[in-house]
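All remarks here apply to the structure that follows.
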Amino acid sequence: MAGAIDSRLLAILACPRCHAGLDANGQGLRCAAGHEYPVADGVPVFLLPETEQTIGVASASYRAGQNGAGGPLYVETLGLTDRERALVERDFDGGGRSVDPVIAYLVGATSGLGYAKLIGNLSYYPIPRIPLEPGRGRLLLDIGCNWGRWSVSAARNGWRVVGLDPSLGALMAARRAFGDEHEAMFVCGDARFLPFKSAVFQQAFSYSVFQHFSEENAELALVEIGRVLWLGGHAKIQMAHRGGLRSAYVRRRRRHISGVFDVRYWSLLQMRQVFDRTIGPSKIAAEAFGGLGLLKEDWRSVSARAKLLILASECSKTLACFFAPLTRLADSVYVVSQKMDQPGETL
């Protein structure tokens with residue numbers, strides 16, 4: 001059940017409750033204050049039962065971590081329908097697939113609606129290019145990594161990566177699919193209570209995650225990012241912009257938030273104020289126009305309609321580089337923040 005934890009990972013882990021260091025024993029991890037955390041097949045589980053979870057799979061992952069039930073797939077932690085979970089188990093038992101069946105059924109939720117026709121039929125792993133400079137061995141935290149597409153991308157770009165997600169099953173799929181990516185390690189946890197020592201990461205990254213948090217939960221997680229970043233370290237976080245053309249249309253059609261996984265749209269001013277306060281001085285860059293999750297690397301896989309949206313988005317992003325006010329119409333943006341030791345310093 002427990003499995004060995006990578007010694008490099010253990011060196012930076014800390015209790016998410018009190019931030020004390022952790023020691024490994026035969027059953028899991030324990031801090032000096034007596035807080036204990038299980039380890040499932042080498043993946044430490046740091047979800048806190050006393051807190052309200054941001055997503056339902058977190059509660060299932062906590063239970064799986066405690067009793068070990070459901071391994072190795074942990075389908076109850078995947079956020080799939082009953083039918084999809086049954087198909088994942090069938091395909092896993094049958095073998096012979098070119099991609100892990102868990103990833104084949106998660107791809108629609110993690111890679112956008114353009115992949116809808118490929119759900120369950122994926123023949124390769126869609127790994128986008130992470131928009132960061134080469135890591136040169138520096139340490140990166142990928143928040144909300146799910147099955148690891150951005151973690152793997154960062155590792156292949158020279159970063160040492162820790163991917164964090166509340167879905168134990170998705171993390172296990174990442175380990176099965178990318179076991180040869182030795183610079184990518186995975187932790188089951190909550191972005192609001194990061195299980196890491198302070199000031200250990202040079203870079204934090206997150207895509208299509210914070211847009212699903214309430215404002216309160218997002219701010220809690222951003223404070224934690226500020227804590228675990230080195231002085232001078234950077235965070236690059238994708239956010240949904242309420243002023244985008246597509247965003248305004250969607251918001252007019254939707255009168256209220258209907259579930260915890262709906263998109264929350266922020267204004268550019270709100271982003272700048274909150275990120276400045278929690279991490280450090282920030283700037284905002286356009287990430288996509290006409291929708292969310294429009295990546296040019298997805299061109300080969302998505303529908304004809306999605307291809308048109310990607311083309312339009314890429315053209316608009318190029319224009320925004322020369323005419324900054326166009327960013328005000330972007331539907332998705334990156335907020336790039338730097339943790340500074342002197343308040344008021346700029347990027």
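Residues take their numbers from the sequence shown, with the count starting at 1. All values below come from the heavy atoms of this structure, side chains included, with hydrogens, waters and symmetry mates left out.
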Between E133 and R138 (salt bridge meaning N to carboxylate O under 4.0 Å), is one present in this structure? yes

Which of R242, E215, H241 passes side-chain hydrogen bond (donor to acceptor under 3.5 Å, both in side chains) with Q270? It is E215

The side chain to side chain contact (heavy atoms under 4.5 Å, CB included) partner of L222 among T278, V335, N217 is T278

What donor-acceptor contacts under 3.5 angstrom involve side-chain atoms of residues 305-313, with partners at least two apart or in another chain?
residue, atom, partner, partner atom, Å
K307, NZ, W299, O, 2.9
K307, NZ, V302, O, 2.9
S313, OG, F289, N, 3.0

The salt bridge (charged side-chain N to carboxylate O under 4.0 Å, His left out) partners of R85 (sequence neighbours excluded) come to E76, D82

key: Atom CZ of R328: over 12 foreign heavy atoms under 6.0 Å   = no

Is a salt bridge present between R149 and E297, judged by a nitrogen-to-oxygen distance below 4.0 Å? no

Note to self: Looking only at side-chain N and O atoms, does Q53 offer a donor or acceptor that is under 3.5 Å from a partner on Y62?
What the structure shows: no

For R136, does the CZ atom sit with more than 12 other heavy atoms under 6.0 Å from it, leaving out its own atoms?
yes

message: When you measure from the side chain of D100 to the backbone of R176, do you find a donor-acceptor pair of N or O atoms at a distance under 3.5 Å?
response: no

Of all heavy-atom pairs linking A154 and V161, the shortest is CB-CG2, 3.6 Å

Scanning both residues in full, the closest heavy-atom pair of Y207 with L294 reads OH-N, 4.2 Å

Between V99 and S123 the two heavy atoms that sit nearest each other are CG1-C, 3.6 Å

All heavy atoms of A170 vs all of L78, minimum pair found to be N-CD2, 3.4 Å

Of all heavy-atom pairs linking A174 and F186, the shortest is CB-CZ, 3.8 Å

